[in-house]
Amino acid sequence: MVRVRFAPSPTGTLHIGGVRTALYNYLLARQTGGQFILRIEDTDQTRFVPGAEEYIIEALRWVGLVPDEGVGFGGEYGPYRQSDRKAIYHQYAMELLERGHAYYAFDTPEELETKRAEIENFTYNCHTRNGLRNSLALSEAEVKALLEQGVPAVIRLKIEPGQRIVIQDLIRGEVQFQSDLLDDKVLLKADGMPTYHLANIVDDHLMKISHVIRGEEWLSSTAHHVLLYRGLGWEDTMPVFAHLPLILKPVGDGKLSKRDGAKFGFPVFPLSWDSEKEEERAMGFREAGFLPEAVVNFLALLGWHPEDEQEIFSMEQLIQAFSLEKINKGGARFDYEKAKWFNQKYIQSTDNKTLAQLMWPYVKAHEYDVCEEYLEQVAALMKERVTFIQDFVGQGQYLFETVATYDMEALSKKWKSSLAPVFERWIAAYEAAQEGTSIEQEEVFKAFVAEQGVKPGEMLPLLRLALAGTMKGPGVFELAATLGKEETLLRLNNFLKFCLTIETA
RNA sequence: GCCUCGUUCGUCUAGGGGUUAGGACGCAUCCCUUUCACGGAUGAAACACGGGUUCGAUUCCCGUACGGGGUACCA
């Protein structure tokens, strides 16, 4: 049975890389009929951010990665929040102590900091621990006394030298480590909370996790994790590991960071994050006008590739096609242009009704008084030419409010005073004609220009400017049909008036 | 520094001992369209470097360079 988990820490917003990790976990679970679990790793009380947990859950829901078990979703292996499992970790820390795989250490963080400053490459390990303040170096009586006095102590993993640790990573193959080079990691902190390493191993074991799919930043510490499984006698049921390549900055060195969002002007989070502090605020893909399906598709292909050359994948198709073996080893640069392309593709293939729904927040923000049916028409008119949801009302502003300004460059090129009477007669002809479809209107127009002896190319740009103010946009008669006869006539008259004013000025 | 992972067009990637090194984004040109897009076509654009192994290496091996990650009582 495949059981995978996504285990973020609630220290703020969920990074887009985290969303991809969650996605890969989810895909494997769905593909195999297994479970996808959300575990909250809040063992660092100093970094806890209120609201972060809710943010994570909302973000997962938005992209459609709904957990089967976990914080907010129930399940038989709870609690799923690590701060609620303190006693469990304590118990296993004591067990490791008894088995001789761990020891008490009394060195204060300050002392260790000094050591690191004094001694180059200082590591708390088998070579140095005898010179430090711990239950391996101190006498039994001293240790007992220190513990009884309540001197702050941590529990560290005792790593035996001379061992070779071999990890079979599903993505990277065999990775080896020498135990002599590993440090004696803290397992239980002085505040009684476990570190990631202990909590992670205990929970993965207790929650019967079969596959650990996580970012590459964890590859190094996997050696410690294996040793922990060994020390607890759980090595035979140890999960298999798959370390994902990281998502890198679009330009420059290093992994994608929160700052890059602000720096390059694109989102690096699924949802926006509000904060009183300016520097903590962040834009989300959702608020930037992305469809969740597009974000999922984009993320899926950042580090993974299917058997064939298909690019557009629904979640169902991803579930079918996904495989851990096809995940790349090298880091992938975040490519916002590609993300935009996916969004555009998804908007094009989304039905008008759904698009209309998605437009509402932006329509309301502008207090436009329109009905649902009208928004569906807007969707039909604009979906081939927008990238983001808000482009419908942004780029299509003239569909919601009267034209206030005209593209003067285009106007001066196309307007000739000799056309004024023709334009005037067109208004009359349009008014007299039946209100028809865009095609019927075009027929009327063609007959009109033929009769007047003017080229369509002389009149059409002017009509466009009259209705939209800009040279860009949907077909003139489609626009007119959507706007309606009354509004179209109003705009035509306004335009004529404007042109005549300009002329006399 | 030490440990560890990686390196194919600008970017995401396919491929793999003999290929015109394939696709996608972006870019350019053209077609469609009396707008803008969409769509279609075409084009420019890559195997980090040096040694091996081999008849032959971009592919396998070893180095080097460059990049990532780790090196916390953070995850």
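Chain identifiers are assigned alphabetically (A, B, ...) following the order of the sequence lines, protein sequences preceding nucleic acid strands; residue numbering begins at 1 within each chain. Just so it is clear, the values below take in all heavy atoms, side chains as well, and ignore hydrogens, waters and symmetry mates. Predicted model only: the values in this text are computed from it and were never measured.
If you check every strand for non-hydrogen atoms under 4.0 Å, A:Gln348 touches sugar and phosphate atoms only. Within the 4.0 angstrom heavy-atom criterion, only backbone atoms of the sugar-phosphate kind lie near A:Gly303; the bases stay farther away. Among the atoms of the strands shown, only primed sugar atoms or phosphate atoms (P, OP1, OP2) are found under 4.0 Å from some heavy atom of A:Ser9. Base engagement by A:Gly473 is indicated by at least one non-hydrogen atom pair under 4.0 Å involving a base atom. A:Glu113 comes within 4.0 angstrom of nothing in the nucleic acid, heavy atoms only. Within 4.0 Å of A:Val186, counting heavy atoms only, lie sugar-phosphate atoms of the nucleic acid but no base atom. Residue contacts shown for A:Pro456 include a base, since a base heavy atom lies under 4.0 Å away. In this structure, A:Pro245 reaches neither bases nor backbone, as no heavy-atom distance under 4.0 Å exists between it and the strands shown. Nucleic acid contact for A:Arg464: base, since at least one base atom lies under 4.0 Å from a heavy atom of the residue. The residue A:Asp253 sits close only to the backbone: its heavy atoms come under 4.0 Å of sugar-phosphate atoms, none of a base. A:Arg47 comes within contact range of at least one nucleobase, with a heavy-atom separation under 4.0 Å. A:Lys326 comes within 4.0 angstrom of sugar-phosphate atoms only, judged by non-hydrogen atoms across all strands, and of no base. Using a 4.0 Å heavy-atom distance criterion, A:Glu337 is classed as a sugar-phosphate-only contact. Among the atoms of the strands shown, base atoms are found under 4.0 Å from some heavy atom of A:Ala190.
Using Watson-Crick or G-U wobble geometry with both donor-acceptor distances under 3.5 Å, B:U59 finds no partner in any strand shown. Judged by Watson-Crick or G-U wobble contacts below 3.5 Å, the nucleotide B:U19 has no partner. Nucleotide B:C27 forms a Watson-Crick or G-U wobble pair with B:G43, both donor-acceptor distances falling under 3.5 Å.
Between B:C74, B:C38, B:U4, one nucleotide has an atom nearer to the side chain of A:Thr195 than all others, and that is B:C74. Side-chain proximity of A:Pro109 to B:U34, B:C73, B:G68: nearest is B:C73. When distances run from any side-chain atom of A:Val154 to the nucleotides B:A14, B:C73, B:A75, the shortest one goes to B:C73. Looking at the side chain of A:Lys329, the nearest of the listed nucleotides B:U35, B:G6, B:U4 is B:G6. With distances taken from any side-chain atom of A:Leu248 to the nucleotides B:G68, B:U4, B:U34, the minimum falls on B:G68. When distances run from any side-chain atom of A:Glu309 to the nucleotides B:G22, B:C36, B:U71, the shortest one goes to B:G22. Between B:A75, B:A24, B:C25, one nucleotide has an atom nearer to the side chain of A:Trp218 than all others, and that is B:A75. Between B:G69, B:C12, B:G26, one nucleotide has an atom nearer to the side chain of A:Glu217 than all others, and that is B:G69.
Separation of the C1' atoms belonging to B:U13 and B:U58 is 16 Å when rounded to the nearest angstrom. For the C1' atoms, the distance from B:G18 to B:C9 is 22 Å, rounded to whole Å. One P atom belongs to B:U71, the other to B:C12, and the distance between them is 25 Å to the nearest Å. For the C1' atoms, the distance from B:A75 to B:A37 is 46 Å, rounded to whole Å. Taking atom C1' on both B:U4 and B:G43, the two are 43 Å apart, rounded to the nearest angstrom. Straight-line distance between the P atoms of B:G16 and B:A21: roughly 16 Å, to the nearest whole Å. For the P atoms, the distance linking B:G51 with B:G68 amounts to 27 Å, nearest Å. Remark: the separation of the C1' atoms in B:U29 and B:A44 is 11 Å, to the nearest Å.
Between A:Tyr55 and A:Phe269, the gap from one ring centroid to the other reaches at least 6.0 Å. For A:Trp218 and A:Phe241, the ring centers are positioned 6.0 Å apart or more.
Separating the OG atom in A:Ser9 from the CZ atom in A:Arg47 is a distance of 5.5 Å, to the nearest 0.5 Å. Atom CZ of A:Phe334 and atom CG of A:Leu302 lie 8.0 Å apart (nearest 0.5 Å).
Residue A:Thr11 has no polar side-chain atom (N or O) positioned under 4.0 Å from OP1 or OP2 of B:C74. The shortest distance between the side-chain N/O atoms of A:Lys413 and the OP1/OP2 oxygens of B:U34 is not below 4.0 Å. Note on A:Arg116: every side-chain N or O is 4.0 Å or more away from OP1 and OP2 of B:G1. The phosphate of B:C73 (OP1 or OP2) has a side-chain N or O of A:Arg156 nearer than 4.0 angstrom. Regarding contacts with the backbone of B:C74, a side-chain N or O of A:Lys189 is found under 4.0 angstrom from either OP1 or OP2. Remark: A:Lys345 is in phosphate contact with B:G39, judged by side-chain N or O atoms under 4.0 Å from OP1 or OP2. Between B:C36 and A:Gln395, no contact under 4.0 Å exists linking OP1 or OP2 to a side-chain N or O.
Side-chain contact of A:His224 with A:Asp183: a donor-acceptor pair under 3.5 Å is present, judged by distance alone. Donor-acceptor pairing under 3.5 Å is recorded for the side chains of A:Asp184 and A:Tyr103.
One atom, CG of A:Leu188, and another, P of B:A72, lie 19 Å apart when rounded to the nearest Å. Remark: C1' of B:C36 and NZ of A:Lys472 are 7 Å apart, rounded to the nearest angstrom. Note: CG (A:Asn328) to P (B:G15) measures 9 Å, nearest angstrom. Per the geometry, CG belonging to A:Asn200 stands 10 Å off C1' belonging to B:A75, to the nearest Å. Atom CZ in A:Phe122 sits roughly 15 Å away from atom P in B:U71 (whole-Å rounding). B:G68 atom P lies 22 Å from atom CZ of A:Arg214, rounded to whole Å. The nearest whole Å value for the distance from the CZ atom in A:Phe342 to the P atom in B:C12 is 14 Å. Atoms CD (A:Glu384) and P (B:G40) sit 11 Å apart, rounded to a whole Å.
Remark: A:Arg156 is positioned above the aromatic ring of A:Tyr124, its terminal NZ or CZ atom under 6.0 angstrom from the ring centre and at most 45 degrees off the axis.
If you find the closest nucleotide of RNA chain B to A:Glu307 and to A:Val386, the one lying nearer the 5' end belongs to A:Glu307. The residue among A:Lys255 and A:Arg20 whose nearest nucleotide of RNA chain B is located toward the 5' end is A:Arg20.
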Kindly indicate, with the supporting measurements, whether the criterion side-chain hydrogen bond (donor to acceptor under 3.5 Å, both in side chains) is fulfilled by A:Ser83 and A:Asp42.
-> CA-CA 6 Å; A:Ser83 57; A:Asp42 57 345; 2.6 Å; yes
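Applying the side chain to side chain donor-acceptor pair (under 3.5 Å) rule to pairs touching residues 458-479 of chain A yields A:Lys416-A:Glu458, sequence neighbours excluded.
A:Arg214 pairs in a side-chain hydrogen bond (donor to acceptor under 3.5 Å, both in side chains) with only one of the listed residues (A:Asn25, A:Thr21, A:Thr222), which is A:Thr222.
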